[in-house]
Participant: 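Could you have a look at this structure, given as structure tokens, before my questions?
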There are 2 protein chains.
Amino acid sequence: MDRSLADTTRSLEKLGYRMTPQRMFVLRAVDESRGHVSADDIFASVRAQFPRISFSTIYRTLDLLQEIGLITKSDLGAGRVQYHRADEAHHHHLVCQRCGGIVDLDEQELEPLWEALRKRYNFKACERHMAIFGNCRQCQS
Amino acid sequence: MDRSLADTTRSLEKLGYRMTPQRMFVLRAVDESRGHVSADDIFASVRAQFPRISFSTIYRTLDLLQEIGLITKSDLGAGRVQYHRADEAHHHHLVCQRCGGIVDLDEQELEPLWEALRKRYNFKACERHMAIFGNCRQCQS
DNA sequence: GCGATAAATGCAACTATTTGCAATTGCTAA
DNA sequence: TTAGCAATTGCAAATAGTTGCATTTATCGC
Ligand SMILES: [Mn+2]
Ligand SMILES: [Mn+2]
Ligand SMILES: [Zn+2]
Ligand SMILES: [Zn+2]
């Protein structure tokens with residue numbers, strides 16, 4: 001992640017939040033992550049350094065980091081939500097409901113739709129890292 | 001719903017499933033529903049006629065009805081999944097993350113995207129009744 | 001009908017996630 | 001400093017939904 005701790009602290013404070021030790025540990029765990037991670041992954045990683053951490057704090061902090069745009073949160077249908085650093089290559093996912101396979105979808109593929117929603121509905125879709133469910137090539141009847 | 005009980009029974013049997021009293025009650029509850037209903041709504045409705053019904057059976061049956069295309073299932077961000085009869089007017093939803101407002105989106109608005117996914121990724125998006133999150137007109141910074 | 005087999009059920013236990021709350025911590029201003 | 005106040009925490013309890021399993025029910029070939 002390119003952002004310094006100070007940057008993140010500023011982002012938080014701008015919204016009336018504070019930087020705390022717990023949040024710093026979560027931030028570090030997120031920082032070291034690659035690709036999709038679950039709340040449980042982050043919990044395990046943080047607990048190694050800060051055993052008193054609670055799951056509530058993990059969840060609350062991940063929500064916070066999403067709010068300030070540092071991570072994205074998405075349900076890819078695997079029973080647990082996946083988090084993803086927002087500064088990694090932006091993309092969405094095609095999730096096959098039969099085989100569970102996941103294919104990356106370039107961010108720009110959704111641009112025309114976002115554009116249409118903006119124009120016709122005055123709606124600003126702000127979801128990064130979306131999941132679109134369906135059937136992949138191999139799994140079509 | 002236009003489908004007769006016999007139709008649904010046939011759909012189930014085609015997949016190796018059976019028609020049971022419990023499923024008939026769930027079917028009736030779905031039949032009488034309008035718009036979005038939760039599993040709990042269906043549970044309450046069925047329990048009035050069939051007190052022994054269990055939540056597992058409700059969830060399992062709703063999944064089944066989705067599998068045979070009678071209902072759609074979607075998470076509109078309200079903490080519980082919403083079910084919707086598939087024979088009501090097809091549409092998707094724009095869900096505002098700030099005010100919680102929900103706007104209907106005509107089915108055809110997503111056609112170009114489905115088309116592109118089919119062509120470029122060989123992916124058949126089969127999701128009816130999608131939720132797209134973002135900010136509505138009133139809630140844009 | 002009868003037994004074998006497969007499907008479906010209810011229940012209890014479990015999962016991931018959220019929430020209420022009392023205790024703790026950290027800013028701020030006197 | 002220190003009091004006051006707001007933000008944050010951990011914990012325990014609650015939520016929606018899923019799953020394993022023993023029991024019940026339906027189907028099918030004899
Ligand atoms: Mn991803
Ligand atoms: Mn709807
Ligand atoms: Zn597939
Ligand atoms: Zn709004």
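These numbers come from the heavy atoms of this one structure, side chains and all, not from hydrogens, waters or symmetry mates. Within every chain, numbering begins at 1; the chains are lettered A, B, ... in the order of the sequence lines, protein sequences first and strands thereafter.
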Participant: Between dG10(D) and Gln22(A), is there an OP1 or OP2 to side-chain N/O distance shorter than 4.0 Å?
Facilitator: yes

Participant: For Leu15(A) and dT8(D), give me the distance from atom CG to atom C1', rounded to whole Å.
Facilitator: 16 Å

Participant: Reading nucleotides 2-7 of chain D from the 5' end, what letters show protein touch, with B for base, S for backbone sugar-phosphate only, - for no heavy atom under 4.0 Å?
Facilitator: ----BS

Participant: Nearest whole angstrom, please: distance from the C1' of dT15(D) to the CZ of Phe43(B).
Facilitator: 15 Å

Participant: From CZ of Phe55(A) over to C1' of dG10(D), roughly how many Å is that when rounded to an integer?
Facilitator: 13 Å

Participant: With respect to the phosphate group of dT18(C), does any side-chain polar atom (N or O) of Tyr59(A) fall under 4.0 Å of OP1 or OP2?
Facilitator: no

Participant: What is the separation between atom CZ on Phe50(B) and atom C1' on dT9(C), rounded to the nearest whole Å?
Facilitator: 9 Å

Participant: If you find the nucleotide of DNA chain D closest to Met19(A) and the one closest to Ser38(B), which residue's nucleotide is nearer the 5' end?
Facilitator: Met19(A)

Participant: Say whether Ser54(B) and Thr57(B), considering side chains only, have a donor N or O and an acceptor N or O under 3.5 Å apart.
Facilitator: yes

Participant: Looking only at the side chains, is there a donor atom on one of Glu107(B) and His90(B) sitting less than 3.5 Å from an acceptor on the other?
Facilitator: yes

Participant: What is the separation between atom CD1 on Ile58(B) and atom P on dT19(D), rounded to the nearest whole Å?
Facilitator: 17 Å

Participant: Would one find a side-chain N or O of Thr20(A) under 4.0 angstrom from OP1 or OP2 of dT8(D)?
Facilitator: no

Participant: Starting from P on dT25(C), measure out to CD1 on Ile53(A) and report it in whole angstrom.
Facilitator: 14 Å

Participant: Kindly check if the number of other-residue, nucleotide or ligand heavy atoms within 6.0 Å of CZ (Arg120(A)) is above 12?
Facilitator: no

Participant: For the residue pair Tyr83(B) and Gln66(B), confirm or rule out a side-chain donor-acceptor distance under 3.5 Å.
Facilitator: no

Participant: Would you sort out whether His93(A) and His36(A) count as a side chain to side chain donor-acceptor pair (under 3.5 Å), showing the intermediate values?
Facilitator: CA-CA 12 Å; His93(A) 291 288; His36(A) 303 151; 3.0 Å; yes

Participant: Rounded to whole Å, how long is the line connecting atom CD of Glu13(B) with atom C1' of dC28(D)?
Facilitator: 13 Å

Participant: Distance check needed: dA16(D) P versus Asp41(B) CG, whole Å only.
Facilitator: 11 Å

Participant: Using a strict 4.0 Å threshold on nitrogen-to-oxygen distance, state whether Arg10(A) and Asp7(A) make a salt bridge.
Facilitator: yes

Participant: Side-chain donor or acceptor of Arg60(B) under 3.5 Å from a matching atom on the base of dG17(D)?
Facilitator: no

Participant: Verify the contact: side-chain N or O of Ser56(B) to OP1 or OP2 of dG10(C), cut-off strictly under 4.0 Å; return yes or no.
Facilitator: no

Participant: Quick one: do the His84(A) and Thr72(A) side chains pair a donor with an acceptor below 3.5 Å?
Facilitator: no

